[in-house]
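Below, each value reflects all heavy atoms present in this structure, side chains not excepted, and no hydrogens, waters or symmetry copies.
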Amino acid sequence: MDIQLTFDALDKKFTSFGGLEQGGITRLLYSQEWNDAIRELEKTFKEEGLEASFDDIGNLSGRLVGSTYPEETILTGSHIDTVVEGGHLDGQFGILSALVAVKYLKEKYGQPLRSLEVLSLAEEEGSRFPYVFWGSKNFFNLAKKSDVDTIEDAEGIKFEDAMRQSGFDYRKTEVVRKDIKAFVEVHIEQGKVLESENKTIGVVNGIVGQKRYTINLKGEANHAGTTPMSLRRDTVVAYSAIVTDLTKRAREIGEPLVLTFGHVVPVPNTVNVVPGEITFSIDCRHIDQQLLHDFATEIEDKIKLVAEANDMTYDIHLWMDEAPTLMDKEIVQIIEQAAKNNVGDRYKVMPSGAGHDSQIFAEYVPTAMIFVPSIGGISHNINEETKIEDLVKGIAVLSDVLYELAYKE
């Protein structure tokens, strides 16, 4: 079996579902494009000799039953949905690489000892409806009907109406599967680290924790021409000091800490008025929970200090507080050995700076991830791409890992 040719054919076929003329894919949860893709994937699973089945909400599994321990499942896959005008690899590569790896192992070694299951998760991105990880949260009975029964997409279509029109409904059982012994997800990095360091494989040891804030500062709006600099309560000046000082501090602490000021709204936001109010966002991430907590304390202290020094009031709203998720050490070691066998020293043990379905799985079953490089670090973009030789190496590493987990005693 030629892994590259097999993957190329599958990638071309599934990229057509929601494929855009300018390249890339828009394939949103419970859309027609999404429906067409999962029905074709169900058909493909069956053609490859896998037992295909949907759960209540649209997660699709393709199962190769084990000979000796059929009740023990090694699970691999990712999400089938995309962002608007997304790429052809984010999510999709994880599913197709899993399918190719299982096909390769089946042809070369026959039936595994433990069951191998390729998983296509219904949704991860939250691009159509304001809810993320619908697929993986339902896998562990974490999603509630009340979370989504009133939400709508941009066209006013209710979540539950779209779901039912696609032939699915709310989860009907609270029973959580106990057969899963491991989950392995392959994904593009969506960053520049592997490419910049000339590495082919990323061995993911954890997914960073995130804290996100909305900050509001209130000073005094006043005339830009008649208000002396010494008498101003300019919130943009205060904001600039906060950005400068915290960015400097983040660089002092060093990687993998990241800090982003992404959304800024000064008021009144006009050329001839001193801005008397400003609202802005802060996003900070780190793989170490204590270091993340400590830096968040520095963020809040700096905002208070700058606001008080400039005679301003402040409001600090922490609206996301996600702890880091560590990957299973034993599976990480298996992946690292597989990486050594396939690419020598061209691999890197690294955290993921983005969220993935694996962070949901890792709370319940032994979980780990494999990264392949992203050209230019571009993702969530029609120009998202990875060198074919790197994709093939990712599939080869996954195959070795699944062999260790499913074919060996």
Inset, instruction - Given side-chain hydrogen bond (donor to acceptor under 3.5 Å, both in side chains), test Asp55 with Asn138 step by step and report yes or no. - result: CA-CA 9 Å; Asp55 68 6; Asn138 268 279; over 6 Å; no
Legend entry - Met229 atom CE: more than 12 heavy-atom contacts under 6.0 Å: no
Inset, instruction - Could you tell me which residues satisfy ring pair (Phe, Tyr, Trp, His ring centres under 6.0 Å) with Phe140, sequence neighbours excluded, listed by chain and number? - result: Phe361, Tyr364
Inset, instruction - Would you indicate whether Gln165, at its atom CD, is surrounded by more than 12 heavy atoms from other residues, nucleotides or ligands within a distance under 6.0 Å? - result: no
Inset, instruction - For the residue pair His187 and Asp90, confirm or rule out a side-chain donor-acceptor distance under 3.5 Å. - result: yes
Legend entry - Gln32: side-chain hydrogen bond (donor to acceptor under 3.5 Å, both in side chains) partners, not counting sequence neighbours: Asp36
Inset, instruction - Would you list the pairs meeting salt bridge (Lys or Arg N to Asp or Glu O under 4.0 Å) in which at least one residue belongs to residues 119-141, sequence neighbours left out? - result: Arg128-Asp153
Inset, instruction - Go through the side-chain N and O atoms of Gln190 and Ser374 and say whether any donor and acceptor fall under 3.5 Å apart. - result: no
Inset, instruction - Give a yes-or-no answer on whether the side chains of Thr367 and Asp328 include a donor-acceptor pair shorter than 3.5 Å. - result: no
Legend entry - Inter- and intrachain pairs under ring-ring contact (aromatic ring centres under 6.0 Å, His included), touching residues 325-344, at least two apart: none
Legend entry - Inter- and intrachain pairs under ring-ring contact (aromatic ring centres under 6.0 Å, His included), touching residues 372-405, at least two apart: Tyr109-Tyr403, Tyr403-Tyr407
Legend entry - Phe159: partners by ring pair (Phe, Tyr, Trp, His ring centres under 6.0 Å), with sequence neighbours left out: Tyr30, Phe129, Trp134
Inset, instruction - Give a yes-or-no answer on whether the side chains of Gln337 and Asn341 include a donor-acceptor pair shorter than 3.5 Å. - result: yes
Legend entry - Nearest non-hydrogen partners of Lys340 and Tyr347, listed with the distance: CE-OH, 2.9 Å
Legend entry - Value rounded to 0.5 Å, distance of CD1 in Ile303 from CE in Met312: 13.0 Å
Inset, instruction - Using only heavy-atom distances, determine whether the side chains of Glu33 and Thr26 contain a donor-acceptor pair under 3.5 Å. - result: no
Legend entry - Side chains of Val208 and Val258 in contact at under 4.5 Å (non-hydrogen atoms): no
Legend entry - Residue pairs involving residues 204-213 (criterion side chain to side chain donor-acceptor pair (under 3.5 Å); sequence neighbours excluded): Gln210-Arg212, Gln210-Arg285, Lys211-Asp321, Arg212-Asp283, Tyr213-Glu300
Inset, instruction - Mind checking side chain to side chain contact (heavy atoms under 4.5 Å, CB included) for Arg249 and listing every partner two or more places apart, or none if nothing turns up? - result: Glu252, Ile253, Phe295, Glu298
Legend entry - Side-chain donor-acceptor contact under 3.5 Å, Lys108 with Ser399: no
Legend entry - Flag if over 12 foreign heavy atoms under 6.0 Å of NZ, Lys248: no
Legend entry - Side-chain donor-acceptor contact under 3.5 Å, Ser379 with Glu384: yes
Legend entry - Between Asp81 and His79: side-chain donor-acceptor atoms closer than 3.5 Å: yes
Inset, instruction - Please say whether more than 12 non-hydrogen atoms of neighbouring residues, nucleotides or ligands are located less than 6.0 Å from NZ in Lys218. - result: no
Legend entry - CZ/Arg164: more than 12 non-hydrogen atoms of other groups inside 6.0 Å: yes
Legend entry - Separation of Lys408 NZ from Leu402 CG (nearest 0.5 Å): 13.0 Å
Legend entry - Where Ala354 and Ser352 come nearest, the two heavy atoms and their spacing: O-OG, 2.8 Å
Legend entry - Lys192 atom NZ, over 12 foreign heavy atoms within 6.0 Å: no
Legend entry - Where Val184 and Val401 come nearest, the two heavy atoms and their spacing: CG2-CG1, 4.2 Å
Inset, instruction - Could you tell me whether Glu71 atom CD has more than 12 heavy atoms of other residues or ligands within 6.0 Å of it? - result: yes
Legend entry - Polar contact flag, side-chain donor to acceptor under 3.5 angstrom, Gln111-Ser67: no
Inset, instruction - Can you tell me which residue pairs pass the ring-ring contact (aromatic ring centres under 6.0 Å, His included) test with a partner in residues 36-78, sequence neighbours excluded? - result: Phe54-Phe168
Legend entry - For Arg232, side-chain hydrogen bond (donor to acceptor under 3.5 Å, both in side chains) partners two or more places apart: none
Legend entry - CD/Glu330: more than 12 non-hydrogen atoms of other groups inside 6.0 Å: no
Inset, instruction - Could I get the full list of side chain to side chain contact (heavy atoms under 4.5 Å, CB included) partners for Glu197, not counting sequence neighbours? - result: Val193, Lys199, Lys348
Inset, instruction - Determine the interplanar angle of the Phe261 and Phe280 rings, folded into 0 to 90°, and report it as parallel if under 30°, tilted if 30 to 60°, perpendicular if over 60°. - result: tilted
Inset, instruction - Sort and list the pairs that fulfil side chain to side chain donor-acceptor pair (under 3.5 Å) and have at least one residue in residues 260-271, not counting sequence neighbours. - result: none
